[in-house]
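Written below as structure tokens is the structure these notes are about.
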Amino acid sequence: MDRDDVPWRGYWPAAPTPFTADGALDEDAWRELLRLYLRQGVHGVLVNGSTGEWFSQSPAERRRVAEIAVEVAGRIPVVVGVTAYTEDEAIGLAEHAAATGAGGVLATPPPYVHPGPDEIYAFYERVSSATDLPFMVYNWPRGVAVDIGDHPGLFERLADLPNVAAIKDSTGDWLKMLATVEAVSDRVRVFGSFLHRRGLAVLLGLGGDGNIDGGGLGAPFAVPYYEAVARRDEEAARDFADRYAALSSRLIRPDYSGVFASPIPQLKAAMAELGQPGGHVRRPLLPATGAALDGIRAALAESGLRAALESAGASS
């Protein structure tokens, strides 16, 4: 399996999982959110990733989230996060995703463990081969405290595994992400940080395939950006890149931390402000309030996102 075996490209939200105020999985809001993504024209969706709060869900809830995602959004690629502390748990989730009809699965290295390069390779070798689904390797140093890119040649070894079709490289070091693109984008799809003018130059010259973005707030700018990239309309792409950057720079720092609150509470607060069905966070996360909420509201206004959504609503 290689990059040509999957149609994975463009702008994908890493979807939040909506919970009710008392902490229950909100299935109605989840369906509504998936339908919103379809209306926005996103090119795929990742569920049960870091933004999806997989860490606070039971295995049964994770399976239910995946089932609803495939049911509602299965006409676009639905990749299911199966990150877990053990190989066997990740494999069980991957087998369920395959039975559900998902388009692929994704996992980080095991959190908390701090595995070395041979251990990372052995983990992916076993988990990626547990089903026939295309597999996406997820490099997430902020979440798991290891950076695959710190180990020379490891991305290349992982790209050669039979079922690996893509890498999501969310290192906070942009030059290291470029090294990933250069090393493996001829073999597998690479999702990284491309939604800015520097990223446009990389996409048009070196390679790369898309962004998987926490929550998808930037869809009104990012979807047309990637459509412009696909038709190599550099002028339109630059305009949408600048509009997206005006939003993202106000909310997220280069290391993927939030400007006003933890990233997931910040995201869900922004979605609530925009009338989007992001739902509530689950403890140990706490909702954004007070000055944080004031900052989020200002960012939505100053970035032009609120006005863009209101204009789209008036014209639809």
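In this text, all values refer to a predicted model and were calculated from it rather than measured experimentally. Basis for what follows: all heavy atoms, side chains included, without hydrogens, waters or symmetry-related copies.
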Please write out which residues are connected to Y85 in a hydrophobic cluster, directly or through intermediates, given that two of Ile, Leu, Val, Met, Phe, Trp, Tyr count as joined at side-chain heavy-atom separations below 4.5 angstrom. W54, F55, Y112, I264, V281, L285

Using a strict cut-off of less than 4.0 Å between a Lys/Arg side-chain nitrogen and an Asp/Glu carboxylate oxygen, indicate whether K176 and D150 qualify as a salt bridge. yes

Could you check whether any side-chain N or O of R31 sits under 3.5 Å from a backbone N or O of A69, counting only pairs where one atom can act as donor and the other as acceptor? no

Sequence neighbours excluded, which residues qualify as side-chain contact (heavy atoms from CB on, under 4.5 Å) partners of T131? A94, E95, A98, L133

Among residues two or more places apart or on two chains, list those pairs meeting side chain to side chain donor-acceptor pair (under 3.5 Å) that have a residue in residues 181-191. D160-R187, R189-D209

Co-members of L286 in a cluster of I, L, V, M, F, W and Y side chains, linked at under 4.5 Å: none

ring-ring contact (aromatic ring centres under 6.0 Å, His included) contacts touching residues 157-214 (sequence neighbours left out): W12-F191, W174-H196

Quick note, side chain to side chain donor-acceptor pair (under 3.5 Å) partners involving residues 228-242, not counting sequence neighbours, are R197-D242

Can you tell me which residue pairs pass the side chain to side chain donor-acceptor pair (under 3.5 Å) test with a partner in residues 215-227, sequence neighbours excluded? H43-E227, N211-Y226

Sorted by chain and number, sequence neighbours left out, salt bridge (charged side-chain N to carboxylate O under 4.0 Å, His left out) with K268 holds for E53

By side-chain contact (heavy atoms from CB on, under 4.5 Å) - contacts of P134 (at least two apart): M1, V6, W8, A165

side-chain contact (heavy atoms from CB on, under 4.5 Å) filter on E32, not counting sequence neighbours, yields R35, P277

Does any donor atom in the side chain of D213 or Y244 lie under 3.5 Å from an acceptor atom in the other side chain? yes

Would you kindly say whether D255 and S257 are connected by a side-chain donor-acceptor distance under 3.5 Å? yes

Whether over 12 other heavy atoms sit under 6.0 Å from D132 CG: no

Are the side chain of R250 and the backbone of A246 linked by a donor-acceptor contact shorter than 3.5 Å? yes

Y256 meets the ring pair (Phe, Tyr, Trp, His ring centres under 6.0 Å) criterion, sequence neighbours left out, with W140

Which atom names give the shortest non-hydrogen contact between P111 and V144, and what distance separates them? CA-CG1, 3.9 Å

Applied to residues 274-287, the side chain to side chain donor-acceptor pair (under 3.5 Å) test, sequence neighbours excluded, yields E61-R282

For P109 and P115, work out which heavy atoms get closest and say how close. CB-CG, 4.2 Å

